[in-house]
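Input: a single structure, listed below in structure tokens.
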Amino acid sequence: MTRTFLAATFALLVGVAIAFAQQSTAQAPTGAQDLVWVQIEAQPNLAAINEALRRRSGQLQDVNGFDLGGSGWYVVALGPYTAENADEILRQLRRDGRIPNDSYIAASSEYARQIWPVGANLLASGAAVPATGGAAALALDETAEPVQEPEVAAITPEPVPEPEPAPEAADETPREARTSERLLTADERAQLQIALAWAGHYDGRIDAAFGAGTRNSMASWQRANGREPTGILTTMQRADLLAQYNAVLDGMGMKLVSEPKMGIEMQVPLGVMKFARYEPPFAHFDSIGDIPARVLMISQEGTQDTLFGLYDIMQTLEIVPKDGPRERGNDSFTLTGQNARMISHTEARLENDKIKGFTLIWPTGDEERRTRILGVMQDSFARTDGVLDPAAGANDAQSIDLVSGLAIRKPLFSRSGFYVDGRGTVVTTSEIVGACGRITIEDDRDADITASDAALGVAVLRPKAAMAPIGVAALAGTAPRLQSEVTVAGYSYGGVLGAPSLIFGKVSDVRGLDGQENVARLALSALEGDVGGPVMDASGAVLGMLLPRMQGGRVLPGDVAFAADAAALSRVLIEAGATPVTAASGAALAPAQMAERANGMTVLVSCWE
């Protein structure tokens with residue numbers, strides 16, 4: 001009995017000594033015992049956070065749930081830990097792939113109240129869990145007086161057994177799994193098939209029917225994830241599968257946004273963007289991080305003509321690249337555009353004289369996340385009362401290069417050219433060769449390069465679709481006379497004026513500066529946009545094509561220009577399979593007639609990415 005009493009006394013004293021040591025540590029000025037947490041997941045409602053907490057508590061220890069307060073969001077956090085222990089636990093769990101990579105350490109002050117486990121309130125306990133993350137530490141009264149250690153006889157205490165770790169939550173048996181499976185809705189069953197297909201285990205129809213194909217895919221997923229391949233997913237396994245499927249959305253901050261001014265409600269990835277401004281018919285959500293993503297909500301009153309006009313306007317914007325499928329119906333349209341930098345998806349529908357929709361712009365190369373976010377946006381999109389006021393966000397800044405705050409798609413550069421036959425064949429400068437991913441004439445007609453002469457500086461284009469030019473160039477059959485007057489037609493300002501300008505000058509020489517044949521030197525002042533335009537004599541016959549200014553370090557007077565002569569142009573055209581027209585002699589044209597001749601044959605040639 002004495003031995004038992006002494007052992008009990010020793011155990012009590014050891015406990016007191018431990019408590020005193022912990023109390024001293026808690027009062028240390030370093031703040032090492034401040035509560036911190038490893039936050040691993042956030043959910044926008046109670047139903048979602050409860051499911052997440054059940055799932056996480058079956059996988060991890062120290063799982064807690066907290067209300068962020070006021071925002072409607074809830075979080076799953078592990079802890080509490082000391083700052084040093086939390087950092088190590090965060091690294092270890094990330095390294096093992098047990099928590100998302102965007103998990104982070106959060107302070108207690110970030111949480112409003114604890115909702116899990118039910119009845120717990122670790123925010124107010126003042127205790128931190130040891131580095132093992134398993135058992136709770138002793139709660140101490142920091143105001144207690146120090147306890148004097150009594151003298152006792154030296155004894156050997158009986159060993160105290162280590163506490164058993166909390167058992168992992170037991171999973172369901174196949175029979176229990178079938179029972180819980182029967183409670184799934186058709187949408188939930190279909191979602192599991194979608195997740196299995198995403199994971200590479202299912203290639204059948206998404207029909208919400210768990211037949212042999214779906215059962216085999218479930219067994220395949222179980223084997224791949226170290227589970228018994230029963231072909232029946234338990235509640236915990238279903239949660240794990242969906243967590244894997246939804247991990248791509250971690251950090252995106254998908255949140256339901258209600259915009260009464262727009263009359264639209266939809267989920268938006270607010271983790272990477274935020275509302276910026278109204279510019280009718282759009283509400284802009286601009287990027288706030290490293291991902292150059294944007295969303296536009298579309299809302300305006302209108303008719304079918306308004307819808308069709310919006311469809312056409314959207315295709316002129318930089319945010320809708322030229323390449324990609326597009327479809328327009330009687331009351332709706334979809335537009336997808338893609339280039340090396342971005343993919344944009346736009347959809348809009350006319351209902352009750354109101355056009356509503358959205359655009360998602362996402363960087364190229366992140367297709368899995370983009371398609372998942374797009375699907376969430378489409379599924380959550382809802383029309384509500386209201387439509388955007390056309391005057392919302394109005395300001396005095398205006399620009400022909402902008403539509404509702406969005407830049408119009410512009411070419412890399414523009415030059416001039418001119419028709420040389422009735423099929424729409426065009427002669428222009430060879431500057432476009434190798435520089436353009438796409439070439440257009442007359443703004444929107446795609447064309448291919450059919451021939452070029454780099455030495456002469458000439459390229460020949462042929463439109464992809466049939467054309468009927470208003471006018472065709474007639475090439476002069478004789479060389480021009482020195483000092484004779486010439487007129488050059490060209491898009492001096494890259495098409496801003498909508499029609500070619502006329503420049504007047506004279507022929508200074510029928511050879512180049514170094515005596516080159518097939519090149520004439522002109523005395524006139526031209527701009528870059530004029531290059532490729534026709535050089536005409538007084539009768540409107542084309543003497544040649546305006547060439548770019550000479551490079552190579554030479555600085556020539558501003559009124560010196562050069563042209564490839566008509567004979568050289570004719571040779572290049574014949575080699576390209578075209579049949580050039582030869583001009584007949586004629587009388588001099590009046591200025592108005594010359595302008596009409598130039599407008600009919602001169603075209604804007606644009607070079608695009």
query = With a 4.0 Å cut-off, would you call Glu41 and Arg56 a salt bridge?
reply = yes
query = Thinking salt bridges, do Arg205 and Asp207 make one under a 4.0 Å N-O criterion?
reply = yes
request  = Determine the interplanar angle of the His345 and Phe358 rings, folded into 0 to 90°, and report it as parallel if under 30°, tilted if 30 to 60°, perpendicular if over 60°.
outcome  = tilted
message = Could you go through Arg215 and Glu181, starting from their C-alpha distance and side-chain angles, then the distance that decides it, and tell me whether this counts as salt bridge (Lys or Arg N to Asp or Glu O under 4.0 Å)?
response = CA-CA 12 Å; Arg215 293 297 179 196; Glu181 191 179 77; 2.7 Å; yes
request  = Give a yes or no on whether a salt bridge exists between Lys356 and Glu347, defined as a side-chain N under 4.0 angstrom from a carboxylate O.
outcome  = no
inquiry  = Less than 4.0 angstrom from a charged side-chain N to a carboxylate O is my criterion; do Glu318 and Lys410 meet it?
reply    = no
query = Within the side chain of Asp96, is there an N or O that forms a donor-acceptor pair under 3.5 Å with the backbone of Arg98?
reply = no
task = Look only at the side chain of Gln304 and the backbone of Leu350, and say whether a donor-acceptor pair between them is shorter than 3.5 Å.
result = no
query = Do Gln237 and Asn225 meet the criterion of a side-chain donor-acceptor pair at a distance under 3.5 Å?
reply = no
task = Examine distances only and state if a side-chain atom of Glu88 and a backbone atom of Glu84 form a donor-acceptor pair shorter than 3.5 Å.
result = no
inquiry  = With a 4.0 Å cut-off on N to O distance, would you call Glu368 and Arg372 a salt bridge?
reply    = no
Residues Arg415 and Glu431 bridged, charged N to O under 4.0 Å = yes
query = Do the side chain of Arg341 and the main chain of Asn339 share a donor and acceptor less than 3.5 angstrom apart?
reply = no
request  = Give a yes or no on whether a salt bridge exists between Glu367 and Arg370, defined as a side-chain N under 4.0 angstrom from a carboxylate O.
outcome  = yes
query = For Ala177 and Arg238, which heavy atoms make the closest approach, and how far apart are they?
reply = O-NH1, 3.9 Å
ask   = Between Arg277 and Asp286, is a salt bridge (Lys or Arg N to Asp or Glu O under 4.0 Å) present by the stated rule, with each step listed?
value = CA-CA 9 Å; Arg277 62 196 178 279; Asp286 291 346; 2.8 Å; yes
request  = Let me see the working for Glu442 and Arg445 under salt bridge (Lys or Arg N to Asp or Glu O under 4.0 Å), right down to the final yes or no.
outcome  = CA-CA 6 Å; Glu442 297 290 359; Arg445 296 177 180 270; over 6 Å; no
Under-4.0 Å salt bridge between Arg438 and Asp446 = yes
inquiry  = Give me the atom names and distance for the closest heavy-atom approach of Ile355 to Ala348.
reply    = CG2-CB, 4.1 Å
ask   = Do Lys261 and Asp389 meet the salt-bridge criterion of a basic N to acidic O distance under 4.0 Å?
value = no
